[in-house]
Amino acid sequence: MKFTAEQIAGILEGEVVGNPMAEVFRLSKIEEGVEGSLTFLSNPKYLNYIYTTKATVTIVNDTFVPESQITTTLIKVQDAYASFSKLLEYYNQVKLNKTGIEQPSFLSQSVRYGDNLYLGSFSYVGQNVVLGENVKIYPNCFLGDNVVVGDNVILFAGAKIYSETVIGKNCTIHSGAIIGADGFGFAPNLDGTYTKIPQIGNVIIEDNVDIGSCTTVDRATMGSTIIRKGVKLDNQIQIAHNVEIGENTVIAAQTGIAGSTKIGKNCMIGGQVGISGHLTIGNNVRIQAQSGVGRNIKDDEVLQGSPAFGYNDFSKSYVHFRNLPKIVAEIEELKKQILNQKNGKNG
């Protein structure tokens, strides 16, 4: 897609300085700008690049006044960084605004769907599925029976949504994510084997949730696994059966949460965190990367370590841990001195 400087200025409510018909069709960093690219300048550290960039169009703050000759066409706006972000969002919407049902694909006759549906090739949509307005389902997706998907949801290529799952509005689920697979439920037998416990619950994902690539959210044994509104899940996260994650909580990659744990609102959980099952994590909790949590956590706690404990205590303890060989050597030296003193008195 090509855009002129004049068109971009119209979107951003900016002023063109230079050639209003200059065309761009790609984005670039200012230091890597090439002909036909659009870039921006907001950080003073990159000011010198404005005079050497080969980018065709550059978005700048309206206070910018060049000190020497430039070749790039300028679009002056109140806030270059915010305007560039706005433009990225606009570009993304245009790029993702696909409609129509591609073939081959399978759409059950009992499916109900709203306007502007996009269903990519080799996708499968099962019986009694309900799809809202502006739903985008990219190729190779699977939606099982009785799934409900709200308005403006995007399912990227290869996402798998098992039966009975409910997805709210304005959600994005990335490639390889699996929503609603069986929870890890097996009962031990006397002979050492295991019998599978049927997982008859579902997954409920509320509005404005993002789920990263290859993240899995297991269905409940009974009832629902619930991801509350505004939650953001990174790639490669495991959410076990009957877990509940509170509103606007964010979780980084490779974290695993065991079954039936309840996590509060506005929590921030770092990468590679492990959380045991049947716990209650309060609101506004911060858990540092690679921590292991095996106890209930109160509101507003900040944790680190494995097993995790108070962040301030961990930081103080870690200083001593790093100095442990030196501390041990000093203790051994003190023991020798005491022993020598005792031997001297006894002598």
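The first residue in the sequence is number 1, and the count goes up from there.
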Which pairs would a plain distance check flag for residues 64-74, meaning a side-chain donor or acceptor within less than 3.5 Å of a matching protein atom at least two apart in sequence or in another chain?
{"unit_1": "Thr72", "atom_1": "OG1", "unit_2": "Ala55", "atom_2": "O", "d": "3.0"}
{"unit_1": "Thr72", "atom_1": "OG1", "unit_2": "Thr56", "atom_2": "O", "d": "3.3"}
{"unit_1": "Thr72", "atom_1": "OG1", "unit_2": "Thr58", "atom_2": "N", "d": "3.4"}
{"unit_1": "Thr72", "atom_1": "OG1", "unit_2": "Thr58", "atom_2": "OG1", "d": "2.9"}
{"unit_1": "Thr73", "atom_1": "OG1", "unit_2": "Asn19", "atom_2": "N", "d": "3.2"}

Next item on the list: Would you confirm whether the ring centroid of Tyr118 sits within less than 6.0 angstrom of the ring centroid of Tyr138?
Entry: yes

Notebook entry, point to check: Can you tell me if OH on Tyr90 sees more than 12 non-hydrogen neighbours from other groups inside 6.0 Å?
Noted result: no

Margin query: Salt bridge check, Lys86 against Glu89: does any charged N sit closer than 4.0 Å to a carboxylate O?
Written below: no

Check: Counting only N and O atoms by type, is there a donor-acceptor contact under 3.5 Å from the side chain of Ser42 to the main-chain atoms of Tyr81?
Finding: no

Check: Just by modelled atom types, is the Asp191 backbone N or O under 3.5 Å from a matching donor or acceptor in the Asn189 side chain?
Finding: no

Note to self: Does this structure show an ion pair linking Asp210 with Lys232, if we count only N-O contacts that are shorter than 4.0 Å?
What the structure shows: yes

Check: For Gly305, does its backbone N or O pair with a side-chain atom of Ser291 as donor and acceptor, under 3.5 Å?
Finding: yes

Check: Going by distance alone, is a donor N or O of one side chain under 3.5 Å from an acceptor N or O of the other, for Asp218 and Gln238?
Finding: yes

Check: Will you find, in the side chains of Gln127 and Ser110, an N or O donor that is under 3.5 Å from an N or O acceptor?
Finding: no

Show me the donor-acceptor pairs within less than 3.5 Å that the side chains of residues 153-164 make with the rest of the protein, sequence neighbours left out.
{"unit_1": "Lys160", "atom_1": "NZ", "unit_2": "Asn140", "atom_2": "O", "d": "2.8"}
{"unit_1": "Ser163", "atom_1": "OG", "unit_2": "Arg219", "atom_2": "NH2", "d": "3.4"}
{"unit_1": "Glu164", "atom_1": "OE2", "unit_2": "Asn146", "atom_2": "ND2", "d": "3.1"}

Check: Just by distance, with hydrogens left out, do Asn283 and Asn266 show a side-chain donor and acceptor under 3.5 Å apart?
Finding: no

Check: Would you say the side-chain atoms of Thr261 pair up with the backbone N or O of Leu279, donor to acceptor, closer than 3.5 Å?
Finding: yes

Check: So, the side chain of Thr249 versus the backbone of Cys267: is there a donor-acceptor pair under 3.5 Å, distance only?
Finding: yes

Margin query: Looking only at the side chains, is there a donor atom on one of Asp145 and Asn128 sitting less than 3.5 Å from an acceptor on the other?
Written below: no

Checklist line | Check: Asn61 side chain, Thr63 main-chain N or O, donor-acceptor pair, under 3.5 Å | finding: no

Checklist line | Ring centres under 6.0 angstrom apart (Phe184, Phe186) | finding: yes

Check: Around atom CD of Gln337, are there more than 12 heavy atoms of other residues, nucleotides or ligands at under 6.0 Å?
Finding: yes

Check: What are the two closest non-hydrogen atoms of Thr39 and Ile30, and how far apart are they?
Finding: OG1-N, 3.0 Å

Item checked: Any donor-acceptor N/O pair, Asp234 side chain to Ile251 backbone, under 3.5 Å -> no

Next item on the list: Return yes if some donor-acceptor pair links the side-chain N/O of Asn92 with the main-chain N/O of Leu88 below 3.5 Å, else return no.
Entry: no

Next item on the list: State plainly whether the residues Glu206 and Arg228 are in salt-bridge range, i.e. N to O under 4.0 Å.
Entry: yes

Item checked: Partner residues of Asn48 under the side-chain contact (heavy atoms from CB on, under 4.5 Å) criterion, sequence neighbours left out -> none

Note to self: Under 4.0 Å between a side-chain nitrogen and a carboxylate oxygen: does that hold for Lys196 and Asp182?
What the structure shows: yes

Item checked: Working for side-chain hydrogen bond (donor to acceptor under 3.5 Å, both in side chains), residues Asn134 and Asn116 -> CA-CA 5 Å; Asn134 304 308; Asn116 301 317; 2.9 Å; yes

Notebook entry, point to check: Distance-only, no hydrogens or angles: does the Ser260 side chain make a donor-acceptor pair with backbone N or O of His278 under 3.5 Å?
Noted result: no

Checklist line | side-chain hydrogen bond (donor to acceptor under 3.5 Å, both in side chains) between Asn152 and Asn170, worked out | finding: CA-CA 5 Å; Asn152 307 311; Asn170 307 312; 3.2 Å; yes

Note to self: Between Asn235 and Ala253 (side chain of the first, backbone of the second, donor and acceptor by atom type, cut-off under 3.5 Å), is there such a pair?
What the structure shows: no

Margin query: Heavy-atom count check: over 12 atoms from other residues, nucleotides or ligands less than 6.0 Å from Glu32 CD?
Written below: yes

Margin query: Any carboxylate oxygen within less than 4.0 angstrom of a Lys/Arg side-chain nitrogen, looking at Glu330 and Lys335?
Written below: no

Next item on the list: Decide yes or no on side-chain hydrogen bond (donor to acceptor under 3.5 Å, both in side chains) for His241 and Thr225, but give the supporting numbers first.
Entry: CA-CA 6 Å; His241 56 195; Thr225 302; over 6 Å; no

Next item on the list: Just do the side-chain contact (heavy atoms from CB on, under 4.5 Å) check on Glu301 and Ile287 with the steps written out, would you?
Entry: CA-CA 8 Å; Glu301 287 198 50; Ile287 304 175; over 6 Å; no

Margin query: Using the rule given for side-chain hydrogen bond (donor to acceptor under 3.5 Å, both in side chains), can you reason through Thr4 versus Glu23, listing the C-alpha separation, both sets of side-chain angles and the distance that settles it, and then say yes or no?
Written below: CA-CA 4 Å; Thr4 66; Glu23 288 188 330; over 6 Å; no

